[in-house]
Amino acid sequence: TVNLDTSTSILVNTIYFPGHSVLSNNNKVDINYNDSGLISFQLPKGRHEVIIKYSRTLVHLASEITSLVALFATSVFFIYYFTNYRKNEK
């Protein structure tokens, strides 16, 4: 929570990435970022409860699903391979 006497630009020491959002009193605030990529936003005079959150993007979700499928497929392959390898060893 912040209490501002004047309209203020807030700079957050977090690099912007798609999926970041800023809420002030449960209202979405426009995000800007500087040359270094740090998140900044404007707040008018008054009391604000600010929430900065990162939500999963569609690309992020697709990457997680791809990783889980690859992990599952690799596990199945190794189980199948070692099961058959031991049978052929005897």
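None of the values given here were measured: they were computed from a predicted structure. The first residue of the sequence shown is numbered 1, and numbering continues consecutively from there.
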(message) Membership question, hydrophobic clusters at under 4.5 Å side-chain separation (ILVMFWY): are Tyr54 and Ile51 in the same one?
(response)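 No, separate clusters.
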(message) With side chain to side chain contact (heavy atoms under 4.5 Å, CB included) as the test, pick out the partner of Ile52 among Ile10, Val29, Val12.
(response)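 Of Ile10, Val29, Val12, side chain to side chain contact (heavy atoms under 4.5 Å, CB included) with Ile52 is met by Val12 alone.
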Less than 4.5 Å apart, side chain to side chain, heavy atoms only: is that true for [X] and [Y]?
| X | Y | value |
| --- | --- | --- |
| Lys45 | Ser7 | no |
| Phe72 | Leu68 | no |
| Gln42 | Thr8 | no |
| Leu43 | Val2 | yes |
| Lys28 | Val22 | no |
| Phe17 | His60 | no |

(message) Students often mix this up, so state it plainly: with edges at 30° and 60°, are the rings of Phe82 and Phe78 parallel, tilted or perpendicular?
(response)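 Judged by the thresholds at 30° and 60°, the geometry between Phe82 and Phe78 is parallel.
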(message) Heavy-atom count check: over 12 atoms from other residues, nucleotides or ligands less than 6.0 Å from Asp30 CG?
(response)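 Atom CG in Asp30 is not packed in, count stays at 12 or less.
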(message) So for atom CD1, which belongs to Ile15, do other residues, nucleotides or ligands contribute more than 12 heavy atoms lying within a distance under 6.0 Å?
(response)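 For Ile15, atom CD1 is not crowded (no more than 12 foreign heavy atoms under 6.0 Å).
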Quick one: does [X]'s side chain have a donor or acceptor within less than 3.5 Å of a partner on [Y]'s backbone?
| X | Y | result |
| --- | --- | --- |
| Thr66 | Glu64 | no |
| Asn34 | Ser36 | yes |
| Ser24 | Asn27 | no |
| Asn84 | Ile79 | no |
| Asn25 | His48 | no |

(message) Please report the interatomic distance CD1(Ile39) to CG(Asn32), rounded to the nearest 0.5 Å.
(response)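 Going from CD1 on Ile39 over to CG on Asn32, the span is 10.5 Å.
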(message) Could you measure the distance from the OG atom of Ser63 to the CG atom of Leu58? Nearest 0.5 Å is fine.
(response)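 It is 9.5 Å, given to the nearest 0.5 Å.
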(request) May I have the step-by-step check of side-chain contact (heavy atoms from CB on, under 4.5 Å) for Phe41 and Leu11, ending in yes or no? (result) CA-CA 7 Å; Phe41 54 93; Leu11 180 65; over 6 Å; no
(message) Go through it in stages, so that I can follow the logic: the residues are Thr1 and Glu49, the test is side chain to side chain donor-acceptor pair (under 3.5 Å), and I'd like the CA-CA distance, side-chain angles, deciding distance and then a yes or no.
(response) CA-CA 4 Å; Thr1 302; Glu49 183 174 328; 4.7 Å; no
(request) Show your working on side-chain contact (heavy atoms from CB on, under 4.5 Å) between Tyr33 and Leu38 and close with a plain yes or no. (result) CA-CA 5 Å; Tyr33 47 92; Leu38 298 178; over 6 Å; no
(message) Applying side-chain contact (heavy atoms from CB on, under 4.5 Å) to Leu61 and Thr57, what does each step give before you reach the verdict?
(response) CA-CA 6 Å; Leu61 179 62; Thr57 63; over 6 Å; no
